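Keep in mind that the numbers below use all heavy atoms, side chains included, and drop hydrogens, waters and symmetry copies. No experiment lies behind these values; they were computed from the predicted model shown.
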Amino acid sequence: MKIPHSAFRIPHWRAVFVTLFLFACLPLASCGFHLRGTGKVEFPPMLSTLRVMVENNQQQNDPLLVAMKNALRTQTDVQIEDTGDAPLLVLYGERSDSQVLSVSSTGKADEYLLKYEVSFRLTGKEGKALAESQTVRVQRDHAFDRLNVLAKEREEQELRREMRRDAVQQILRRLSRITPTDSHADQR
């Protein structure tokens, strides 16, 4: 039995689709597109060196502190100090909460809204504020499945870690937009 030559040809519509897809991706390759959190963040010169701490916490392995220091090391040119006169980034008021979004016909929760917030302030010498205190809020929907409790609990933990990383990214972007004012210029 001989197989006809046309059996090995790609149908015309698939070739057109592949070509259109490749042309659609071309602008992304040339525009400097980066995945979220992978690009460098430029900080003002007054923040070339920073100290970072979580208020009322002496743990060096605090998840929020570790996430912030890692982001500063990998996405900025900021030098991190543990002591000295460098401006101090204080992270505080970290809160995580959940709220029921929907319930099943039996009255059991089917979907939750996970909420995460953290506040930060930037101070200079003698504790003088270099910028106003700000709060970052992140939220995600989370579907709950009573038949797959362990997997859903792990998924919720991963969502909370992702929310912390997103909050850190928002803090970095906000810090990059800080401009020194006349009253803050004396503190360098």
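Note: Phe120 CZ to Leu172 CG = 9.5 Å, rounded to the nearest 0.5 Å. With values rounded to the nearest 0.5 angstrom, Leu114 atom CG is found 11.5 Å from Gln157 atom CD. With rounding to the nearest 0.5 Å, the separation of CD in Glu156 from OG in Ser96 is 8.0 Å. Distance CG/Asp110 to OG/Ser104: 4.5 Å, rounded to 0.5 Å.
Both tests do not hold together for Arg160 against Tyr116: distance to the six-membered ring centre under 6.0 Å, angle to the ring axis within 45°.
The two residues Thr135 and Arg174 make their nearest non-hydrogen contact at O-NH1, 3.1 Å. Heavy-atom minimum distance, Met68 versus Leu91: CB-CD1, 4.0 Å. Here the closest heavy-atom approach between residue Arg137 and residue Gln170 is recorded as O-NE2, 4.2 Å. Minimum heavy-atom separation, Pro87 to Leu130: CB-CD1, 3.7 Å. Contact detail for Asp62 and Leu64: the closest heavy-atom pair is OD1-N, 3.0 Å. Taking every heavy atom of both residues into account, Leu72 and Ile80 meet most closely at CB-CD1, 3.9 Å.
Residue Glu55 places its CD atom among more than 12 non-hydrogen atoms of other residues, nucleotides or ligands, all under 6.0 Å distant. Atom CD of Glu158 has more than 12 neighbouring heavy atoms from other residues, nucleotides or ligands inside a 6.0 Å radius.
A side-chain donor from one of Gln169 and Gln75 sits under 3.5 Å from a side-chain acceptor of the other.
No salt bridge links Glu81 with Arg51; every basic N to acidic carboxylate O contact stays at or beyond 4.0 Å. The residues Glu94 and Arg164 are annotated as salt-bridged, a charged nitrogen and a carboxylate oxygen being separated by less than 4.0 angstrom.
In the hydrophobic clustering of ILVMFWY residues, with side-chain heavy atoms under 4.5 Å counting as a link, Leu88 and Val168 come out apart.
Looking at heavy atoms from C-beta onward, Asp77 lies out of side-chain contact with Ser48 at the 4.5 angstrom threshold.
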